[in-house]
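Encoded as structure tokens, the structure appears first; notes follow it.
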Protein chains: 2
Amino acid sequence: MRADARRNRDRLLAAADAVFTERGADASLNDVAKRAEVGIGTLYRHFPTREALLGATCDERFLTLAQHSRERSASLSALEALRLFLEELVHYAGIYQGLAASLGIVLRSGTEGCHATTAEGQRLLEAAQREGEVRGDIRLDDVVCMAMAISLSASQDASGTKRIPRLTGMFIDGLRPPCDARGTRPR
Amino acid sequence: MRADARRNRDRLLAAADAVFTERGADASLNDVAKRAEVGIGTLYRHFPTREALLGATCDERFLTLAQHSRERSASLSALEALRLFLEELVHYAGIYQGLAASLGIVLRSGTEGCHATTAEGQRLLEAAQREGEVRGDIRLDDVVCMAMAISLSASQDASGTKRIPRLTGMFIDGLRPPCDARGTRPR
DNA sequence: TCAGTAAACGGAGGGTTGCTCCGCTTAAAT
DNA sequence: ATTTAAGCGGAGCAACCCTCCGTTTACTGA
């Protein structure tokens with residue numbers, strides 16, 4: 001990769017992060033190019049679609065999400081690890097206004113971080129299911145859907161972020177098998 | 001209301017429904033005006049925002065949603081009635097491609113049907129909470145966000161519609177109070 | 001050091017859409 | 001028939017997306 005290409009790519013990522021943070025995930029891509037002091041053509045050459053750009057700006061974050069989750073999960077119950085994973089996913093879905101709505105697509109954008117995050121989520125989910133803490137018919141997509149719902153709900157009003165932990169706990173509870181099948185649930 | 005205004009309003013609604021059905025909720029409003037054989041200014045005078053137009057095209061549908069829900073809820077448990085309400089809300093959020101993303105705004109557009117639907121949702125939610133089947137800290141907004149997330153998630157992959165009943169069940173389960181607070185949950 | 005070359009750059013420009021504004025038309029009241 | 005205000009229409013401007021192609025520039029090999 002040529003040096004100027006690498007440099008421009010980095011500038012674009014920094015600019016995109018700033019613009020998306022300020023004006024949301026639907027911000028003008030012209031503004032991104034301007035802030036990066038780069039031609040609009042250069043932006044489109046590096047990132048053919050908005051989702052590709054979004055995926056790239058989130059790449060590092062999703063990489064550290066997966067990393068952190070792996071590190072702490074050794075010392076936690078499967079369900080608690082999954083709960084924290086979901087909570088963190090919700091957090092990252094909220095870094096740009098409007099990102100949550102396309103979380104599913106962005107996670108499929110193929111970047112390293114997105115892949116690491118989905119792999120980690122799958123791992124946690126299967127572990128929790130193996131231990132009988134989560135119903136067997138739940139899929140990772142369902143968990144991502146939860147993250148979308150919680151993030152959307154939190155972005156509705158000003159004090160929304162405070163409700164995230166409670167909503168997360170609630171929905172994780174909903175994933176457990178019905179309690180008459182396994183006696184009283186520990187709380 | 002003047003006769004020509006009424007006539008144009010009706011033409012616009014019919015045209016909007018057709019165009020939104022064909023090309024999704026993000027379709028060009030110029031196309032709507034053209035199909036209605038009406039000036040674009042007339043469209044904006046009757047419906048100042050896209051959401052207002054969407055709300056108006058969905059008005060009847062939301063009216064029947066509320067009606068049906070009221071009719072059947074007499075013979076159902078509060079929680080089951082809420083589950084069916086959510087499922088039907090998801091269904092209507094999918095009649096136009098891309099409608100789900102603005103479901104929250106559309107429901108606040110103030111039309112009779114939207115108002116009836118939110119009132120009915122509120123009623124069902126409060127009933128379920130009074131009977132201890134749903135946690136007290138849940139708000140109607142949360143339920144609407146669930147519908148948005150389910151609909152968005154379902155529209156993002158090919159086999160999405162098949163997951164709707166499972167997802168609604170999953171979310172409704174999450175709304176229940178923790179089981180040691182109320183003994184064994186009936187299933 | 002210095003061509004030669006392919007990769008990368010930049011931004012003009014065409015197409016699309018959103019939305020406003022204001023001169024003209026017309027339904028309806030008197 | 002006259003009046004008037006509600007309603008109509010669409011030109012027009014601004015914003016945006018994305019492509020295309022002439023120009024520039026980083027690397028390579030001699």
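Bear in mind that the values here come from a model prediction, so they are computed numbers and not experimental data. Reckoned from all heavy atoms, side chains included, excluding hydrogens, waters and symmetry mates. Naming convention: chains lettered A, B, ... in sequence-line order (proteins, then strands); numbering from 1 in each chain.
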| Donor-acceptor side-chain pairing of B/Glu120 and B/Ser69 below 3.5 angstrom | yes
Interface polar pairs with nucleotides 26-30 of chain C, N/O, under 3.5 angstrom:
from   : atom 1 : to     : atom 2 : distance (Å)
C/dA27 : O4'    : B/Arg2 : NE     : 3.4
C/dA28 : OP1    : B/Ala3 : N      : 3.0

| query | Distance check: side-chain N/O of B/Asn8 vs OP1/OP2 of D/dC8, anything under 4.0 Å? | reply | yes
| query | Quick one: do the B/Ser102 and B/Arg50 side chains pair a donor with an acceptor below 3.5 Å? | reply | no
| request: Start with the C-alpha gap between B/Arg35 and B/Glu22, add the side-chain angles, then the distance that decides, and say whether salt bridge (Lys or Arg N to Asp or Glu O under 4.0 Å) holds. | output: CA-CA 12 Å; B/Arg35 160 114 43 157; B/Glu22 270 176 30; 3.0 Å; yes
| said: Between B/Val143 and B/Phe171, is there a side-chain heavy-atom distance shorter than 4.5 Å? | reply: no
| For the pair made of CZ in A/Arg11 and P in C/dC9, what is the distance, rounded to whole Å? | 11 Å
| query | Would A/Ser153 and B/Asp142 count as having a side-chain donor-acceptor pair, cut-off 3.5 Å? | reply | yes
| Worked check of side chain to side chain donor-acceptor pair (under 3.5 Å) between A/Glu133 and A/Gln129 | CA-CA 6 Å; A/Glu133 303 225 57; A/Gln129 286 174 327; over 6 Å; no
| said: Expected output is a numbered-order residue list: members of residues 29-55 of chain B with a heavy atom under 4.0 Å from any atom of DNA chain C. What is it? | reply: B/Leu29, B/Asn30, B/Ile40, B/Tyr44, B/Arg50
| said: Under 3.5 Å, is there a donor on one side chain and an acceptor on the other for A/Thr57 and A/Asp59? | reply: no
| message | Rounding to an integer number of Å, can you tell me how far B/Arg9 CZ sits from D/dC8 C1'? | response | 17 Å
| said: Measuring to OP1 and OP2 of C/dG18, would you say a side-chain N or O of B/Ser28 lies under 4.0 angstrom away? | reply: yes
| query | For residues B/Asp26 and B/Tyr96, is any side-chain donor paired with an opposing acceptor at under 3.5 Å? | reply | no
